[in-house]
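Comments concern the structure below.
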Amino acid sequence: MQDKYTPASIEHAAQEHWEKTAAARAVEDVARPKYYCLSMFPYPSGKLHMGHVRNYTIGDVLSRFYAMQGYNVLQPMGWDAFGMPAENAALANNVAPAAWTYANIAHMKQQLQALGFAIDWQRELATCAPDYYRWEQWLFTRLYEKGLVYKKLGTVNWDPVDQTVLANEQVIDGRGWRSGALIEKREIPMYYMKITAYAEELLSELDNLSGWPEQVRLMQKNWIGKSVGVRFAFPLADDPDEKLWVFTTRADTIMGVTFVAVAAEHPLAARAAANNPELAAFVAECKQGGVAEADLATMEKKGLPTGIFVSHPLTGEKVEVWVGNYVLMSYGDGAVMAVPAHDERDFAFARKYGLPIKQVIAVPDETFSLDGWQEWYADKNRGVCLNSGPYDGLDYSRAVDAIAADLAAKGLGEKKTQFRLRDWGISRQRYWGCPIPIIHCPKCGDVPVPDDQLPVVLPENVEITGAGSPLSRLPEFYECKCPKCGGAARRETDTMDTFFESSWYFLRYACPDNATAMVDERVAYWCKGGIDQYIGGIEHAILHLLYARFFTKLMRDAGLIGDLGEPFANLLTQGMVVAPTFYREGENGKKQWLNPADVDVSTDEKGRPTGATLKADGQPVIIGGTEKMSKSKNNGVDPQALIDQYGADTARLFIMFASPPDQSLEWSDAGVEGAFRFLRRLWKLVHDHVQNGVTAVCASGDGLSAAQTDLRRKLHQTMSKVADDYGRRKQFNTAIAAVMELLNACDKTDLSGPAGRALAQEALESAVLLLFPIVPHIGQALYGELKPGADACRAAFPQADPAALKQDEIELVVQVNGKLRGAIRVAVDADKAAIEAAALANAEAVKFMDGKAAKKIVVVPGRLVNIVV
RNA sequence: GCCCGGAUGACGAAAUCGGUAGACGUAGCGGACUUAAAAUCCGCGCCCGCAAGGGGUACGGGUUCAACUCCCGUUCCGGGCACCA
């Protein structure tokens, strides 16, 4: 055995061995329980960043741990390969998106392999490959025929200078990121997925996802946003046959309505604007700016009266219609009733424009003042109706029932369940995505592409200009024949949202080689009961995970995957790896993001950054916020330097030791050295032991000294702890700390003599196996040295021996009035009375009881005694 | 703005179900070994106080024999907000 730990050669040898023995190959085997361990596949942005290393190391630790527990493990990997960055790279560097993407895949695959992940590469897939996306085109046409895909107008960000649609990310402070032009909203026809048809099931099944973090279930629940309320109509004062519909969850406040607000896009707004130039200007102003909800919600609330009046459905009173920039056309009917007395936003609006405020819910006298309003809203107070005629004195639910009944009797409304969730618009006016398989025929309308003409292949020889969709400039792509009538037709040139690809890739991993079907019976084996573990960033808590759940239900109902309704049985949401951002501002205010590796930061004595300069020119740069590592902010830290210097095991160990996986981690490589030192120390311990000859392991505690017995107990306690940390808690930093503690204890114990050496053998073999899931390369090498001819990949995970865990005496802490005063040793099976007596006899306890009698004694078994005086 | 999280030594963190706050590691300081350096090993390390003791887990309250942990309020930081992935 070599005396020096040399990661490069050790890792090379281990990887070669795994390759030769096909250690990561997953083969269906009904005789063994399966464990499908899935990590979110990466976007091939160029190189791995620390977030990837963290994500895939967690997956690999779990995969290897469950393999050691006897499971048949599947750990696949692929590439979420369509998306905007490829087009941006094409613009910036004049490379074809396909070539750029495939080059990135090749590089990142090699990086993943260098990290030693036990991935079954035979199942690798890339979503930009026609043999992958053809199946989603196929599914799309099925869903189109079922009415689960439909076409309607949708609002997009329009850049009037570049004449192109922009993503929300490309709109900065209301301007296009390339052109700097003021962005406008524009309505265009798009295809939508009817996710709202599944809203109820997506919501109710959250309760069954016990393997998901509560936080994620709550976010999804709020996103779906089921609310039961009343949808009702205000007849127009001039023309009672025409009605303005609204939805409210607070029908009990209907008698307090003092105005109605509609979105700028609402037909009534357009009608009023026709002969009101001021209003027309306001409606036009509302069209400025992007469509992102965060921007809309933080805008200053503005409005203008339309001069149109409606009648209150219950009182007949005239109420004016306003246009409000805070009313969303995409939610409900694009109009809301306003009750300034009992809604914070309506209140602010009414105050701003001097509109009447009419209180209709009783509030406690002491809080009743206009200034007290705000506080009161925050409580979501639901009081009893007041100033509400026939409804006075009714509480919330009685009032809502009575009002809904009265509205229904007039044919003006009814109770309605409404969801916040909207249908999913999937059309993108971009090139690097999966073509939507529809043909537009002047005679037959929209015709889905027939199966025998799939896939609609995305052409790769295109010119990216940043203006408009390249496909719509490519006659050889869009000119086609109608599949129905054979006449000249035009192919759809929009592509699909890339969330489409990532909504079902985990099913395709089960059967990536199937050329004749989207999925096959192998899904039933690997996905039975759901994928056993899904691991990925918390930033995907809503959209991706919701779409993946939706797709699984769609595919189930299409008869493709049996009764599998929920894809992920257990979910681990990894905290983000965040890093500081740095930038400089260009001439037109555009930000040029600089990588942290290229920047020097100066700090004050407290470690707070005071300034930063670019290494290349020594000139100052602006310090941005600390954000998740991303391509767009250029703050990803490349792990390659770390791997090159210390090896994959150190990188893996360090990132697992740095913090628990669900916590966000601000990147700093301080401490990497320590992880490497630990591995070197482990190597040396094994080396020194092996130099004196390996032995059989200590099979029982016989012949051990007291100190050795204690060590052996600690060893077996560590086995339990580490298995619990990996399997149940999924907290790897404490598992590593436990093994470090064990090795510290080994150092402090005399392990000479035959019994001691057998114990050392047992401790070292165990420690190597306990760490194997995290640092498999060094583990492979050391285990082979400790047990010549043995393969760590085939070893079982160490299991604690209950006999070794036995203890006769334990220490209990003694408190007086909750303050720590002393400690006592008692027999492990001592009863309460004996423990109390021992505690009362403790010298420190006696001192602090100060002669007073114990009022109460609390005994916490195995922990402490608290004497209350 | 709305929804969801987080905050503990100089730093990353631990304390798993309300029960010894700071395990484990980093950086630092002191020592051993060495001609020296590196490496390695040993020790010290929250604050006030001579001590006894007291205080301390972002901040302000509360519940409890006992609170980092539960409740109410606040501040700051992060994620998501439907076209970044």
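Protein chains get the first letters and strands the later ones, always in sequence-line order, with residue 1 at the start of each.
In this structure, B/rG9 is classed as syn because its glycosidic torsion stays within 90° of zero. Look at B/rC17: its glycosidic torsion is within 90° of 0, and that puts it in the syn range.
Residue-to-nucleotide proximity on RNA chain B shows that, of A/Lys684 and A/Asn866, the 5′-proximal contact is made by A/Lys684. Of the two residues near RNA chain B, A/Arg863 and A/Glu627, the one whose nearest nucleotide lies more 5' is A/Arg863.
Aromatic ring orientation, A/Trp432 versus A/Phe82: perpendicular (interplanar angle above 60°, classes split at 30° and 60°). Under the 30°/60° scheme for interplanar angles, the aromatic rings of A/Trp100 and A/Tyr43 are found to be tilted. Taking the six-membered ring where the residue is Trp, A/His540 and A/His544 present perpendicular rings, their angle passing 60° and hence far from 30°. Using the six-membered ring where Trp is involved, A/Phe551 and A/Phe500 have ring planes that are perpendicular, over 60° apart on the 30 and 60° scheme.
Phosphate contact (OP1/OP2 of B/rG53, side-chain N/O of A/Lys847, threshold under 4.0 Å): present. Phosphate proximity of B/rA82 to A/Arg428: absent, as no side-chain N or O sits under 4.0 Å from OP1 or OP2. A sub-4.0 Å separation between OP1 or OP2 of B/rA85 and a side-chain N or O of A/Thr498 is present. Between A/Gln815 and B/rG19 there is no side-chain polar atom (N or O) within less than 4.0 angstrom of OP1 or OP2. Neither OP1 nor OP2 of B/rC4 sits under 4.0 Å from any side-chain N or O of A/Arg217. In this model, the phosphate group of B/rA82 is approached by a side-chain N or O of A/Asn168 to a distance below 4.0 Å at OP1 or OP2. At least one side-chain nitrogen or oxygen of A/Gln731 sits closer than 4.0 Å to the OP1 or OP2 atom of B/rA14. Note on A/Asn744: a side-chain N or O is less than 4.0 Å away from OP1 or OP2 of B/rG25. The side chain of A/Arg677 places an N or O atom within less than 4.0 Å of a non-bridging phosphate oxygen (OP1 or OP2) of B/rU26.
For A/Val868, the listed nucleotide lying nearest its side chain is B/rC65; candidates were B/rA85, B/rG19, B/rC65. Nearest nucleotide to the A/Lys819 side chain, out of B/rA23, B/rG54, B/rU20: B/rG54. Set against B/rG19, B/rU40, B/rG5, the side chain of A/Gln215 has B/rG5 as its closest nucleotide. Side chain of A/Val858, nearest nucleotide from B/rA85, B/rG1, B/rC65: B/rC65. Listed nucleotides: B/rG55, B/rG78, B/rC84. Nearest to the side chain of A/Ala167: B/rC84. Distance from the side chain of A/Phe657 is smallest to B/rC24 among B/rC24, B/rC84, B/rA85. Nearest to the side-chain atoms of A/Glu539 among the listed nucleotides B/rG78, B/rA85, B/rC84 stands B/rA85.
Note on A/Ile857: nothing from the nucleic acid sits closer than 4.0 angstrom, heavy atoms only. Residue-level contact check: A/Ser427 touches the bases, meaning some heavy atom is under 4.0 Å from a base atom. Nucleic acid contact class of A/Val739 (heavy atoms, under 4.0 Å, all strands): none.
Side-chain to base pairing of A/Gln170 with B/rC83: no donor and acceptor N or O lie closer than 3.5 Å to each other.
Remark: P of B/rC83 and CZ of A/Arg178 are 22 Å apart, rounded to the nearest angstrom. Between the C1' atom of B/rC24 and the CG atom of A/Leu771 lies a distance of 13 Å, rounded to the nearest Å. Between the CZ atom of A/Arg821 and the P atom of B/rU20 there is a distance of 15 Å, rounded to whole Å. Per the geometry, CE belonging to A/Met629 stands 16 Å off C1' belonging to B/rA85, to the nearest Å.
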* Asked: How does RNA chain B look in dot-bracket form if you count Watson-Crick and G-U pairs under 3.5 Å, write [ ] for pairs that cross, and put | where a base pairs with another strand?
  -> (((((((..(((......[....))).(((((.......))))).(((....)))..(((((..]....))))))))))))....
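In terms of modelled atom types and a separation under 3.5 Å, the side chain of A/Thr155 and the main chain of A/Lys185 share no donor-acceptor contact.
Seen from the ring of A/Phe848, A/Arg821 counts as a face-on cation partner, given the 6.0 Å and 45° thresholds. For the pair A/Lys152 and A/Tyr192, the cation-pi criterion (under 6.0 Å, within 45° of the ring axis) is fulfilled.
The two atoms that bring A/Leu328 and A/Ala263 nearest to each other are C-CB, 4.2 Å, heavy atoms only.
Among residue pairs with one or both ends in residues 77-89 of chain A, those qualifying as side-chain hydrogen bond (donor to acceptor under 3.5 Å, both in side chains) are A/Trp79-A/Glu124; sequence neighbours excluded.
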